[in-house]
Structures are given as structure tokens and as C-alpha cells.
Amino acid sequence: MKARDIMVHPVHVIPQDATLADAAHTMLQHNIGCLPVVDNHGQLCGILTESDFVGRETGVPFAFIRAPQIFGQWLPRNGVEHLYAAARSHRVRDHMSTPVITVTEQQPLAEIIALMLQHNIKRLPVVRNNTPVGIISRHDLLKLMIHNPTPPPHPEQP
């Protein structure tokens with residue numbers, strides 16, 4: 001099987017100049033966990049995932065500790081709602097992840113799984129000439145459990 005056999009398509013994308021509020025609305029409306037980000041020519045330039053709305057642990061300058069940040073701000077103990085409200089107008093390009101690891105429609109599933117494991121990622125955009133045409137998530141790998149491909153012949157036992 002190849003990427004084209006399990007990818008979700010068409011894929012929902014978001015322009016890099018859209019706001020985070022636009023991205024959140026699209027993700028909630030379509031019940032999806034990520035959006036490939038495209039430039040003005042429809043070319044893939046980044047990816048925005050639900051993880052980008054949770055934040056990351058970041059090293060504290062001049063210290064050996066890590067602390068949570070969201071939307072480029074240190075996470076306060078109270079008032080996190082204000083950070084989300086302020087970030088609604090932020091541009092997707094300022095929070096997307098780059099570079100994006102991608103696959104083609106012809107890529108074998110073994111390579112796709114290896115990429116996901118190697119890079120600890122949950123979703124891979126499927127591209128044709130750097131234009132997103134589909135997406136594969138870990139959830140899509142469940143299709144392998146119900147798909148009935150012809151099993152390969154077993155090698156002869158000695």
C-alpha cells in the first residue's frame with residue numbers, strides 16, 4: 001500500500017496570512033488536528049497543529065530549567081484566557097512549524113511509519129509538486145486493520 005491508499009483528501013489548508021482564530025475555526029469546524037499552511041501560490045510552507053495551541057516547554061534564559069510558553073509568552077498561573085484572546089489576531093505564519101516533513105502519494109507505508117517514528121510526528125502532509133493533496137495521521141493507520149490486501153506469500157520454511 002501507498003500513501004494515496006490511506007490519505008485523507010481533499011486536505012483542508014490555511015493561508016500563511018490567516019489568523020490563529022481563522023485556523024482554530026477551520027480545525028474545529030472540520031474536526032481536524034492540523035492544517036498545512038500554504039503561501040500565495042498554494043505551495044506548502046508550514047504546518048499548524050493543535051499542539052501549537054497548547055504551547056511548548058522552553059528553556060529559561062540563563063537557567064537550567066524549562067518552563068511552558070504559549071504564543072511566545074510565558075504561561076502564567078492565572079489568566080491564560082488573556083493570552084488566547086490576544087493571540088486570536090496573530091498570523092499563522094508566526095506560529096507554524098517549519099520545515100515540514102512530507103511524503104508523496106507514491107510513498108510506501110513502511111517509509112511513512114518510519115518517518116512518523118523517527119521524527120515523533122503524528123501527521124504527514126502528502127504533496128504533489130509541493131502542493132498539499134492529502135494528509136496522513138496516525139489515526140489513518142487504523143485503516144490498515146480493516147483493509148483486506150492480499151497477503152504476501154510466506155517464504156518456504158526450511
Side-chain angles (χ1 to χ4, degrees), residues 1-59 66 68-73 75 83-155:
M1 292 182 75
K2 309 250 187 234
R4 69 174 178 261
D5 299 319
I6 65 165
M7 71 181 190
V8 172
H9 61 89
V11 63
H12 296 282
V13 299
I14 190 107
Q16 64 182 345
D17 293 325
T19 65
L20 289 181
D22 295 333
H25 177 76
T26 300
M27 292 167 81
L28 289 168
Q29 180 182 12
H30 298 287
N31 196 29
I32 54 177
C34 80
L35 287 167
V37 181
V38 295
D39 63 17
N40 295 337
H41 305 289
Q43 298 290 292
L44 183 69
C45 61
I47 192 165
L48 189 73
T49 71
E50 58 198 0
S51 297
D52 295 312
F53 290 89
V54 175
R56 295 181 170 84
E57 277 201 335
T58 306
R66 298 180 66 74
Q69 272 194 349
I70 187 162
F71 309 122
Q73 303 290 317
L75 190 64
L83 291 179
Y84 279 88
R88 288 182 186 133
S89 62
H90 289 191
R91 299 293 166 197
V92 168
R93 71 174 167 266
D94 298 325
H95 297 282
M96 67 185 186
S97 297
T98 60
V100 183
I101 297 164
T102 63
V103 295
T104 66
E105 296 162 282
Q106 303 303 319
Q107 206 127 4
L109 292 183
E111 290 179 20
I112 292 166
I113 292 168
L115 281 170
M116 288 177 147
L117 292 171
Q118 178 184 357
H119 297 282
N120 193 29
I121 52 179
K122 296 177 182 164
R123 298 164 189 89
L124 282 169
V126 181
V127 295
R128 184 184 311 136
N129 298 320
N130 203 39
T131 300
V133 295
I135 193 108
I136 296 175
S137 70
R138 290 181 180 178
H139 180 83
D140 297 315
L141 296 174
L142 295 174
K143 295 172 186 174
L144 298 174
M145 296 303 296
I146 60 172
H147 188 295
N148 270 336
T150 306
H154 293 290

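This structure is a prediction, so every number in the text was calculated from the model and none was measured.
Side-chain contact check for Ile136 versus Met116: some heavy-atom pair is nearer than 4.5 Å. Annotation: side chain of Val126 is not in contact with side chain of Thr102 (no heavy-atom distance under 4.5 Å). Put simply, the side chain of Pro125 does not reach to within 4.5 Å of the side chain of Val11, judged on heavy atoms. Annotation: side chain of His119 is in contact with side chain of Ile121 (closest heavy-atom distance under 4.5 Å). Side-chain contact check for Leu141 versus Ile113: some heavy-atom pair is nearer than 4.5 Å. Inter-residue side-chain proximity for Asp17 and Asn40 is flagged as met; some heavy-atom pair is nearer than 4.5 Å. Between Leu20 and Asp94, every side-chain heavy-atom pair lies at or beyond the 4.5 Å cut-off. The side-chain heavy atoms of Val38 and Cys45, taken from C-beta on, include no pair separated by under 4.5 Å.
The main-chain N or O of Thr104 is found under 3.5 Å from a side-chain atom of Gln107 such that the two form a donor-acceptor pair. Under the 3.5 Å distance criterion, the side-chain polar atoms of Asp39 are matched with a main-chain donor or acceptor of His41. Not a single donor-acceptor pair under 3.5 Å links the side chain of Lys122 to the backbone N or O of Ser137. Side-chain N or O atoms of Asp22 include one that pairs as donor or acceptor with a backbone N or O of Thr19 at under 3.5 Å.
Ionic pairing of Glu105 and Arg128 is present here: one or more N-O contacts between side-chain nitrogen and carboxylate oxygen are shorter than 4.0 angstrom.
Summarising the geometry of Val100 relative to Ser97, their closest heavy-atom pair is CG2-O, 3.7 Å, with the distance given to 0.1 Å. For Met7 against Gly134, the heavy-atom pair with the smallest separation is SD-CA, 4.0 Å. The minimum heavy-atom distance linking Pro36 with Leu44 is given by the pair CB-CD1, 3.6 Å. Listed here is the closest heavy atom pair of Thr98 and Gly46: CG2-CA, 3.8 Å.
Taken to the nearest 0.5 Å, the CG atom of Leu117 stands 12.0 Å off from the CD1 atom of Ile112. Expressed to the nearest 0.5 Å, how far CZ of Arg93 lies from CD1 of Ile14 amounts to 12.5 Å. Separating the NE2 atom in His12 from the CE atom in Met27 is a distance of 11.5 Å, to the nearest 0.5 Å.
By the neighbour-count criterion of 12 heavy atoms within 6.0 Å, atom NZ of Lys2 is densely surrounded, having more than that number from other residues, nucleotides or ligands.
Neither side chain, Gln16 nor Arg91, offers a donor N or O lying under 3.5 Å from an acceptor on the other.
For the side chain to side chain contact (heavy atoms under 4.5 Å, CB included) test with Met96, the passing option among Val37, Asp52, Leu35 is Val37; the others fail. Exactly one residue among Ile135, Leu115, Asp140 makes a side chain to side chain contact (heavy atoms under 4.5 Å, CB included) with Leu124. That residue is Leu115.
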- [ ] Step by step, work out the side-chain contact (heavy atoms from CB on, under 4.5 Å) result for Val133 and Val127.
- [x] CA-CA 5 Å; Val133 295; Val127 295; 5.8 Å; no
- [ ] Starting from the C-alpha separation in whole Å, work towards a yes-or-no answer on side-chain contact (heavy atoms from CB on, under 4.5 Å) for Glu111 and Val103.
- [x] CA-CA 9 Å; Glu111 290 179 20; Val103 295; over 6 Å; no
